Amino acid sequence: MKPRYSIILSSSALAILVVVQAYNILITFETKKEQFDTNYGMMVRQALYGFDSQFPISQSDSLMLYLDNYGETMIYQNPDAFSFGFADTTNAKIISVYSNILQTYRNPDSYLKAYLENADADPEFKSGYYISELELLNFDRSIPIYKDTTNNIPSGLKNALLVDTYDIEGNYFKIRYTYFVDFTHKTSIIYRDMIITLALAVFTILIVALVFTLTVRNMIKLKRLSDMKTDFINNMTHELKTPLSTIAVASTTLSDENVPKNHEKVRQISQLIHKQNKHLSELIDRILDVSIWEKDQVRLKKKALNIHEFISEKVKLFEMENHAKPLKIHTEFHIKSEIVHLDEIHFTTVLNNLLGNAVKYSTENPCIKVDVASDKNLTLSISDNGIGMSKEEQKHIFDKFYRVGKGDFKTVKGLGLGLYYVKRIVDAHEGNIELHSVPGKGSCFTITIP
Ligand code: ADP
């Protein structure tokens with residue numbers, strides 16, 4: 001399956017998992033809420049049953065007295081109300097007065113609180129009365145004040161336990177009301193009950209998300225590696241083909257009857273074959289080197305070198321070998337200690353690779369500056385006025401097989417191994433390599449060896 005499809009598939013699976021877990025949590029919350037309502041509802045009803053039996057409404061003289069007195073006053077003050085009813089504002093006031101009387105003279109709160117504490121339940125709650133029907137009466141005549149026909153619980157009481165509904169009738173009133181209890185810590189008690197479910201859900205999601213991220217990262221890494229390997233094989237085929245075809249052409253020329261008589265021509269052709277052969281074996285060596293490093297650490301044969309002599313000689317040799325382009329190498333030395341310990345062969349390759357890149361990735365006239373400083377550390381920087389690299393490219397520049405600009409191996413030859421080699425050798429010397437580069441301006445590689 002293509003990586004893109006597996007990523008889409010796994011992200012969908014992850015999204016589904018999150019939705020399923022969220023749904024599970026929601027269901028568990030609802031179940032726990034029902035359990036809470038059942039348990040606490042049972043306790044409250046039992047407490048209220050006790051309260052009602054201890055203080056029956058019918059014997060609650062003060063309550064009946066106050067309810068009746070207020071009804072009577074309202075009726076005698078407004079004799080017209082039997083014909084026309086009360087204004088809406090008066091109705092609202094009457095309801096609020098009745099509610100207050102109930103709160104004051106029929107309040108089971110402290111009884112309920114004691115009962116809950118006794119039962120080891122949470123005793124923090126708010127309570128109240130919801131009046132769903134009220135009429136004022138005088139003998140067989142009545143004034144309707146309020147009647148809730150919808151039977152809808154008022155929105156403020158959605159979470160409250162509607163404990164019991166009472167109907168009472170006196171001489172001047174008839175009322176139906178519900179006592180409700182709203183537990184202050186209901187939600188936190190429910191969440192506390194769900195803690196294991198919640199923790200498991202979060203844990204599962206986190207683990208799956210982590211595995212998912214790691215897998216995607218690995219997949220992207222593998223894809224990049226595989227792309228780079230494909231590029232490498234293309235580059236290598238191309239690099240190997242050029243000297244091979246030159247050798248093939250040269251040998252065909254040699255087989256021409258006339259050529260062997262021309263000694264100068266034979267010399268030129270054999271030199272060409274020799275040069276191409278050398279190039280070929282260098283290429284093969286480089287590839288072999290890398291595959292050997294896969295298994296082994298780089299083994300260094302360090303020796304004491306005069307840094308001034310060493311660098312000057314290698315730079316001069318490089319200039320001689322690369323005279324095709326008008327090349328300018330400016331070398332500067334700031335030397336306090338002359339002798340440094342390096343692996344001469346590997347370090348020569350490092351120098352050649354960096355100088356070679358400065359030439360390869362340059363505009364028309366490469367201008368290279370080599371700066372050598374040595375005191376406690378050896379610092380070697382090679383800067384050029386070449387094409388430079390973007391920040392993103394700089395991140396991968398030392399990776400094996402990495403080359404800037406996919407597939408453009410035809411314009412500038414290379415295998416993407418040069419800087420990988422440089423980094424490995426610098427690491428083996430326990431040193432450090434840094435790159436500072438600006439696209440279009442140039443690059444500067446700085447090696448520090450302790
Ligand atoms: P190669 O040169 O064989 O492609 P290297 O490992 O030496 O491989 O370099 C990797 C890539 O880094 C090159 O393909 C090139 O794009 C970029 N690069 C290296 N040196 C320079 C430089 N001095 N200026 C600009 N780009 C460079």
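Read the numbers this way: they start at 1 and go in the same order the structure lists the ligands and their atoms. Note that the structure is a prediction, hence the values are computed from the model and not measured.
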Can you find a non-hydrogen atom of G416 under 4.0 Å from ligand 1? yes
Under 4.5 Å between any side-chain heavy atoms of V208 and V18, yes or no? no
Considering only non-hydrogen protein atoms, determine which one is nearest to atom 26 (N) of ligand 1 and report residue, atom name and distance to 0.1 Å. M389 CE, 3.6 Å
Sub-4.5 Å side-chain heavy-atom contact between L378 and L342: yes
Specify side chain, backbone, both or neither for L419, according to which of its non-hydrogen atoms lie closer than 4.0 Å to ligand 1. both
Ring centroid separation F36 to F183 under 6.0 Å: yes
If I apply the N/O under 3.5 Å rule, does G418 come out as touching ligand 1? yes
Of all the heavy-atom pairs spanning C444 and S381, show the shortest one and how long it is. SG-CB, 4.1 Å
List every atom of ligand 1 that sits less than 4.0 Å from any heavy atom of S443, numbering the atoms from 1 in the order shown and giving each element. 22 (C), 24 (N), 25 (C)
Taking the non-hydrogen atoms of K360, is any one of them nearer than 4.0 angstrom to ligand 1? yes
Minimal heavy-atom distance between N377 and P450, with the atoms involved, is OD1-CA, 3.3 Å
Which protein non-hydrogen atom lies closest to atom 25 (C) of ligand 1, naming both residue and atom, and how far is it? Y361 CB, 3.5 Å
Top protein contact for atom 23 (N) of ligand 1, by heavy-atom distance: D384 OD2, 2.9 Å
Provide the number and element of each atom of ligand 1 under 4.0 Å from a heavy atom of Y402. 10 (C), 11 (C)
Tell me: protein heavy atom nearest atom 19 (C) of ligand 1, and distance? N357 ND2, 3.5 Å
Output the list of atoms in ligand 1 that are nearer than 4.0 Å to some heavy atom of I397, sorted by atom number. 11 (C), 12 (O), 17 (C)
Give the atoms of ligand 1, by number and element, whose distance to some non-hydrogen atom of L417 is under 4.0 Å. 6 (O), 8 (O)
By ring-ring contact (aromatic ring centres under 6.0 Å, His included) - contacts of Y179 (at least two apart): Y129
Note: S374 and S337 closest approach over all heavy atoms is OG-O, 2.6 Å
Minimal non-hydrogen separation, S443 against L435, with atom names: CB-CD1, 4.1 Å
